[in-house]
Amino acid sequence: MKKKIAGLVLLVLVMLLVGGGILLQRRSQEEARTREEQEASRITVTGYTGGEKIGFLEDEEVQDLLQKNYSLTVDYSRAGSLDMMTADMEGKDYLFPSSNIALEYYEELHGQPVQSEIVLNTPIVLYTRRIVADALQSQGIVSESGGVAYVDMIKLTELISSGTAWADIGLPELYGSVSVDTTDPVKSNSGNMFAALLANVLSEGGTVTEENVEEVLPKLQAIFGRLGYMETSSSDLFSQFLRMGVGAKPIIAGYESQLMEYAVQNPEEYEAEKEDLVMLYPVPTVWSSHVLIALDENGQVLLDALLDEEIQTLAWEKHGFRTGSGSQGREPAMDGVAQTITSVSPVPAYSVMRKIMEGLQ
């Protein structure tokens, strides 16, 4: 009897082991099929983007959200906002320039895209070092309010246009005359937006129009003509500003987002430099609106994904881009950042900017 019971127990154990093995095998097969289905449904989108957004696109949290919620992997090639409009678009799903001017340039060359929408925003700012900011403050050109530094663009443009030497404002250690380094306005958006801002200032504060652009253009050509070689990437110019010091790059034009992202991504370096780095908000300034241009259905999927509220929040908190839901009501992550941008000049119409770009080639 005992032998029969032992045999039955053994038989049950064997059946359980076999059954468990079959269940495990089935589960493993189901998991493998699920992974295969997920891989099959995953989309890799490829396109062109401005260098200032690479940190955002490479953010692991952003990538995880894109993969988990949208089955998306994003590939990119870096290009200037205006350069990408004439680049080879074979096999590309999207373009991610930094302004509506670039979008209108695309429409002029290629017609209407499948879809386009502003995904990120950031104002144009100037970056300088403490000794330069102090010298400009002594001239009544820079002022501070609530820990935020502002620069009077009319007065600064007068200094630049008149060829005032750095020595004349108390900075004999700096070579040459007062200037603002920028990217090439014909190839890169930050330079293009700064050209738009200067054009408005030279138009005596009003937005430059078809009627007075020919009057403004020679003055603009004189300013940019003195700059020499200009970078085609906003990120390259900002990196050079950080590395080369005040002697090489006393003032540059860039995006507000660049210093904010640098502070978050490189906290030790920023902590060591923050007393010397000064972000100046031009009065007035212009907005840079980063537009996602979808060239096909895959590009549309990316556009929808980048408007995800969690991704928009990461864009503000980690990369300094002002977004609708992501930055609304949220305090800036660092000192010296304006809570709101109030003094804004409209960007001239595309037809006017086209004449400016042609005149600055």
Side-chain angles (χ1 to χ4, degrees), residues 81-82 97-105 107-108 118 121-128 136 139-143 145 148-164 177-186 188-227 230 251-256 279-291 322 338 340-361:
S81 290
L82 301 177
S98 307
S99 74
N100 279 319
I101 295 297
L103 172 61
E104 292 189 63
Y105 188 26
E107 292 172 345
E108 179 184 71
I118 295 171
N121 289 287
T122 188
I124 292 294
V125 299
L126 304 185
Y127 290 111
T128 190
L136 292 174
Q139 301 292 314
I141 297 171
V142 166
S143 60
S145 176
V148 179
Y150 298 91
V151 56
D152 185 319
M153 282 305 299
I154 294 176
K155 292 180 179 179
L156 180 61
T157 304
E158 287 173 354
L159 277 190
I160 295 170
S161 297
S162 65
T164 302
S177 58
V178 176
S179 63
V180 175
D181 282 290
T182 182
T183 56
D184 189 332
V186 179
S188 171
N189 182 70
S190 62
N192 191 257
M193 290 294 97
F194 189 63
L197 177 56
L198 285 178
N200 286 348
V201 172
L202 293 168
S203 181
E204 298 183 353
T207 305
V208 65
T209 65
E210 292 273 7
E211 286 69 36
N212 67 345
V213 66
E214 297 297 340
E215 178 185 340
V216 167
L217 194 52
K219 303 173 187 176
L220 205 57
Q221 289 168 327
I223 291 173
F224 279 90
R226 291 197 292 266
L227 292 180
M230 289 175 282
I251 310 176
I252 69 164
Y255 301 114
E256 176 195 54
M279 180 162 59
L280 302 173
Y281 286 87
V283 180
T285 188
V286 290
W287 278 103
S288 176
S289 298
H290 298 254
V291 183
R322 293 178 186 257
T340 56
I341 309 299
T342 54
S343 182
V344 179
S345 177
V347 175
Y350 175 70
S351 59
V352 175
M353 290 305 300
R354 194 80 176 95
K355 290 184 177 180
I356 289 174
M357 286 187 285
E358 290 169 356
L360 294 177
Q361 282 182 331

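Positions are given from 1, in the same order as the sequence printed here. Predicted model, so just to flag it, every value in this text is computed and none were measured. Quick note: numbers below take in every heavy atom, side chains included, and nothing from hydrogens, waters or symmetry partners.
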Spacing of [X] atom [atom1] and [Y] atom [atom2] [to the nearest 0.5 Å]:
X      : Y      : atom1 : atom2 : answer
Asp181 : Leu126 : CG    : CG    : 11.0 Å
Trp287 : Asn121 : CH2   : CG    : 6.0 Å
Ser345 : Ile124 : OG    : CD1   : 12.5 Å
Leu220 : Phe224 : CG    : CZ    : 5.5 Å
Ser177 : Arg226 : OG    : CZ    : 5.5 Å
Asp184 : Met357 : CG    : CE    : 11.5 Å

Please walk me through it: do Glu158 and Ile160 pass side chain to side chain contact (heavy atoms under 4.5 Å, CB included)?
CA-CA 5 Å; Glu158 287 173 354; Ile160 295 170; over 6 Å; no

For the student: nearest non-hydrogen atoms of [X] and [Y], plus distance:
X      : Y      : result
Glu256 : Tyr127 : O-OH, 3.3 Å
Ser289 : Ile118 : CB-CD1, 3.7 Å
Ala338 : Arg322 : O-NH2, 2.6 Å
Glu210 : Ser351 : OE2-OG, 2.7 Å
Leu280 : Thr128 : CD1-CG2, 3.8 Å
Thr207 : Pro348 : CG2-CA, 3.8 Å

Given 3.5 Å as the limit, does a donor-acceptor pair link the side chain of [X] with the main chain of [Y], or not?
X      : Y      : value
Lys155 : Gly140 : yes
Tyr350 : Asn100 : no
Asn200 : Pro346 : yes
Gln221 : Gly359 : yes
Thr340 : Thr342 : no

Measuring only between side-chain heavy atoms, which start at C-beta, is [X] closer than 4.5 Å to [Y]?
X      : Y      : result
Leu198 : Val216 : no
Leu197 : Pro282 : yes
Pro123 : Val344 : no
Pro185 : Phe194 : no
Ile141 : Leu159 : yes
Val352 : Arg354 : no
Thr182 : Met230 : yes
Asn189 : Pro97  : no

We want to know whether [X] and [Y] form a side-chain donor-acceptor pair, criterion being a heavy-atom distance below 3.5 angstrom.
X      : Y      : answer
Thr183 : Ser190 : yes
Asn212 : Ser203 : yes
Ser81  : Ser98  : yes
Thr164 : Ser162 : yes

Is there a side chain to side chain contact (heavy atoms under 4.5 Å, CB included) between Ile341 and Tyr281 once you walk through the steps?
CA-CA 9 Å; Ile341 309 299; Tyr281 286 87; 3.6 Å; yes

Would you please test Val151 and Leu156 for side chain to side chain contact (heavy atoms under 4.5 Å, CB included) and show each step?
CA-CA 7 Å; Val151 56; Leu156 180 61; 3.9 Å; yes

Full working for side chain to side chain contact (heavy atoms under 4.5 Å, CB included) between Leu202 and Ile223
CA-CA 11 Å; Leu202 293 168; Ile223 291 173; 4.2 Å; yes

